[in-house]
Amino acid sequence: MTKEMLENDHHKLFEFIAGTIYLHALSLSLYIYIYMSNQFLLSKQGLIILTIQARTPSLKPPTCEPSTTPSMRCQEIGGGKAAMLFLGLYLVALGVGGIKGSLPTHGAEQFDENTPQGRKQRSTFFNYFVFCLSFGALIAVTFVVWVEDNKGWEWGFAISTIAILVSIPIFFFGSTFYRNKIPSGSPLTTICKVLVAAMLNGCMSRNSSNAIANLSASPSYEPETNKEPEENAKQTDEIPTQSLKFLNRAVVNKPAHPALECTVNQVEDVKIVLKILPIFACTIVLNCCLAQLSTFSVEQAASMDTKLGSLKIPPASLPVFPVVFIMILAPVYDHLIIPFARRVTNTEMGITHLQRIGIGLFLSIISMAVAALVEIKRKRVATDSGLLDSTAPLPITFFWIALQYLFLGSADLFTLAGLLEFFFTEAPSSMRSLATSLSWASLAMGYFLSSVIVSIVNNVTGNSGHSPWLSGYTINRYHLDRFYWLMCVLSTLNFLHYLFWAMRYKYRSAGAGASK
């Protein structure tokens with residue numbers, strides 16, 4: 001088992017765990033105080049388990065150095081040791097996923113969305129939320145990576161554990177100042193109830209006259225006291241809209257079971273969620289491209305000259321490039337680009353949510369094209385230097401990789417912040433936490449999809465009598481440039497698919513496209 005194979009396995013494990021983190025955000029982001037305290041504790045417990053295992057030699061596999069003894073196969077852990085490892089990893093995934101699913105919604109609800117100033121402050125919050133995520137990632141890929149490489153993994157996990165412990169009192173310190181929303185039940189329950197009721201009522205035999213008669217007698221909506229005045233005014237109408245008419249069956253006729261009784265408001269809320277799903281689906285391919293930042297891009301850079309003067313940069317720290325780009329671009333976007341766009345367009349937002357997401361998707365196309373061109377140059381250097389089958393660093397600086405990181409990091413900022421704000425503003429008040437969690441679910445599906453595409457590409461190209469594109473003795477034998485061109489084509493098709501839905505979407509929130 002070569003060093004490159006080990007690194008690739010580590011990247012795949014990271015990809016899988018990262019996908020689990022973000023997918024969990026979709027399923028569990030419902031309540032804030034008790035829920036988030038539990039998520040903090042889950043993360044802490046997971047990190048403590050990982051710290052103990054990394055600290056105790058008897059809980060780790062035997063030491064293995066494939067670079068010095070290539071013929072020796074590294075021994076994998078199993079049994080109780082493997083169970084302990086995955087228990088720690090999944091506790092961290094569950095905790096972090098829940099926190100990321102709930103925190104954006106909780107923060108955005110602190111601003112008054114009924115005033116232009118409040119909506120502008122909310123938009124700034126989402127920009128700086130992504131900025132803070134990047135700042136944390138900057139510490140992780142620089143200081144924590146350095147500690148792990150020089151002091152040991154146990155110290156890296158210990159630092160993360162301390163960070164979680166410190167964050168708990170900081171979060172609760174502001175509890176007296178928070179604007180809190182009273183929980184009103186799980187939105188997943190409402191969605192399932194409306195869908196099941198619509199299907200059952202659709203299967204029941206009835207004539208159109210009875211349907212019309214029963215529609216007027218369907219359960220009416222009583223506005224909740226914690227909803228916005230504008231939303232209440234819209235939702236007191238007893239007649240459902242004609243969009244997605246098949247869901248109107250949920251309020252037609254007497255329900256098959258009392259538990260399936262739905263209000264018109266619940267039906268309309270589910271319609272809103274279904275309407276934003278195509279936008280959500282169009283961002284999965286982008287996140288599939290982002291997955292390459294932690295896999296192939298790191299392997300590319302590891303084969304290049306990673307020296308910065310007398311300092312050698314560890315490959316695991318290379319994602320610092322997109323992180324730094326995001327931290328620079330976030331304040332520039334908020335304080336320069338948006339004010340300029342507001343003056344030019346004479347609108348409150350300057351750049352709409354969907355336009356911002358579209359910019360991010362377009363930048364992902366450019367990033368994959370740049371990645372393919374950089375890989376062509378890297379392989380040309382390897383060929384000219386006679387190092388195609390060598391693991392020695394190539395005489396080309398790793399800063400070439402920064403180009404694809406630049407565009408992909410920018411795409412991440414535009415799309416993630418735009419998605420969070422779009423889902424928050426467009427979703428019904430009772431389903432905002434669920435809707436914003438779709439951003440993390442998209443990221444999870446992108447990571448999983450990346451693994452699927454890599455497997456399919458290797459299987460298809462390997463069956464044609466040639467070597468698989470993404471396999472070889474060294475990365476210099478990969479056809480990574482072809483894979484990047486494939487991702488560029490997929491991203492282009494995905495962008496056209498996005499335009500189809502974005503041009504047909506009608507905003508329901510105030511300020512999305514309103515003039516000043």
Would you give the length of the straight line joining atom [atom1] of [X] to atom [atom2] of [Y], rounded to the nearest 0.5 angstrom?
X      : Y      : atom1 : atom2 : result
Lys275 : Trp501 : NZ    : CH2   : 12.0 Å
Gln355 : Met349 : CD    : CE    : 10.0 Å
Leu490 : Ile284 : CG    : CD1   : 13.0 Å
Ser364 : Asn494 : OG    : CG    : 7.0 Å
Leu449 : Cys288 : CG    : SG    : 4.5 Å
Cys282 : Leu496 : SG    : CG    : 10.5 Å

Just by modelled atom types, is the [Y] backbone N or O under 3.5 Å from a matching donor or acceptor in the [X] side chain?
X      : Y      : result
Thr461 : Trp469 : yes
Ser390 : Ala392 : yes
Asp412 : Leu408 : no
Asn458 : Leu470 : yes
Lys379 : Tyr478 : yes
Ser450 : Gly446 : no
Ser123 : Arg119 : no

Ring centers of [X], [Y] separated by less than 6.0 Å:
X      : Y      : result
Phe296 : Tyr484 : no
Phe422 : Tyr505 : yes
Phe414 : Tyr333 : yes

Looking at Arg342 and Glu348, is there a salt bridge between them, counting it only when a charged N and a carboxylate O are closer than 4.0 Å?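 No, Glu348 and Arg342 are not salt-bridged.
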Should Asp334 and Thr124 be marked as a side chain to side chain donor-acceptor pair (under 3.5 Å) after you check the CA-CA gap, both sets of side-chain angles, and the distance that decides it? CA-CA 6 Å; Asp334 194 71; Thr124 298; 3.2 Å; yes
If you compare all heavy atoms of [X] against all heavy atoms of [Y], which two are closest, and at what distance to 0.1 Å?
X      : Y      : value
Glu148 : Gly156 : CG-CA, 3.7 Å
Thr474 : Leu388 : OG1-O, 2.9 Å
Ala330 : Leu413 : N-CD2, 3.6 Å
Asn476 : Leu387 : ND2-O, 3.0 Å
Ala435 : Phe423 : O-CD1, 3.2 Å
Cys289 : Met487 : SG-CE, 3.8 Å

Return the set of residues passing side-chain contact (heavy atoms from CB on, under 4.5 Å) with [X] (not counting sequence neighbours), or none when no residue passes.
X      : answer
Leu493 : Val489
Ala502 : Leu354, Tyr498
Pro331 : Tyr128, Phe131, His335
Thr241 : Ser243, Glu268, Lys271

Would you call the rings of Trp153 and Phe157 parallel, tilted or perpendicular, taking 30° and 60° as the class edges?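 Trp153 vs Phe157 ring planes: tilted.
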Measure up the Phe398 and Phe321 rings against each other and bin them: parallel (under 30°), tilted (30 to 60°), perpendicular (over 60°).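 Rings of Phe398 and Phe321: tilted, 30 to 60°.
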For Trp146 and Thr142, what are the C-alpha separation, side-chain angles and deciding distance, and is it a side-chain contact (heavy atoms from CB on, under 4.5 Å)? CA-CA 6 Å; Trp146 181 87; Thr142 53; over 6 Å; no
Going by heavy atoms in the side chains, are [X] and [Y] under 4.5 Å from each other?
X      : Y      : answer
Phe495 : Val285 : no
Val381 : Pro395 : yes
Met304 : Phe399 : no
Thr425 : Glu113 : no

Determine whether more than 12 heavy atoms belonging to other residues, nucleotides or ligands lie under 6.0 Å from atom CZ of Phe340.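 Open: at most 12 neighbouring heavy atoms sit under 6.0 Å from CZ of Phe340.
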Is the count of non-hydrogen atoms from other residues, nucleotides or ligands lying under 6.0 Å from Phe111 atom CZ greater than 12?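 Atom CZ in Phe111 is crowded, with more than 12 foreign heavy atoms closer than 6.0 Å.
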Side chain to side chain donor-acceptor pair (under 3.5 Å) involving [X] - partner list, sequence neighbours excluded:
X      : result
Thr105 : Thr436
Asp389 : Arg477
Ser491 : none

Hey, are Ser297 and Gln404 close enough side-chain-wise for a donor-acceptor pair under 3.5 Å?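 Distance-only check passes for Gln404 and Ser297.
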Within [range] or reaching into it, pairs that qualify as salt bridge (Lys or Arg N to Asp or Glu O under 4.0 Å) - sequence neighbours excluded:
range            : result
residues 394-404 : none
residues 123-143 : none
residues 487-500 : none

Please name all residues satisfying salt bridge (charged side-chain N to carboxylate O under 4.0 Å, His left out) with Glu375, sequence neighbours left out, ordered by chain then number.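 Listed in chain order: Arg378.
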Audit row: Leu416, Phe126, side-chain contact (heavy atoms from CB on, under 4.5 Å) steps and yes/no: CA-CA 9 Å; Leu416 179 57; Phe126 282 112; over 6 Å; no
Please determine whether side-chain contact (heavy atoms from CB on, under 4.5 Å) holds for the pair Leu434 and Ile191, giving the CA-CA distance in whole Å, both sets of side-chain angles, and the decisive distance to 0.1 Å. CA-CA 11 Å; Leu434 174 71; Ile191 294 174; 3.6 Å; yes
Out of Glu426, Arg432, Met431, which one pairs with Pro428 under the side chain to side chain contact (heavy atoms under 4.5 Å, CB included) rule?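 Considering Glu426, Arg432, Met431, a side chain to side chain contact (heavy atoms under 4.5 Å, CB included) with Pro428 is found only for Met431.
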Assess whether side-chain contact (heavy atoms from CB on, under 4.5 Å) is satisfied between Leu373 and Trp400, documenting all intermediate values. CA-CA 10 Å; Leu373 295 175; Trp400 281 97; over 6 Å; no
Is there any side-chain hydrogen bond (donor to acceptor under 3.5 Å, both in side chains) pair reaching into residues 278-289, and which pairs are they, with sequence neighbours excluded?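 Sorted pair list: Thr283-Ser442, Asn287-Ser442.
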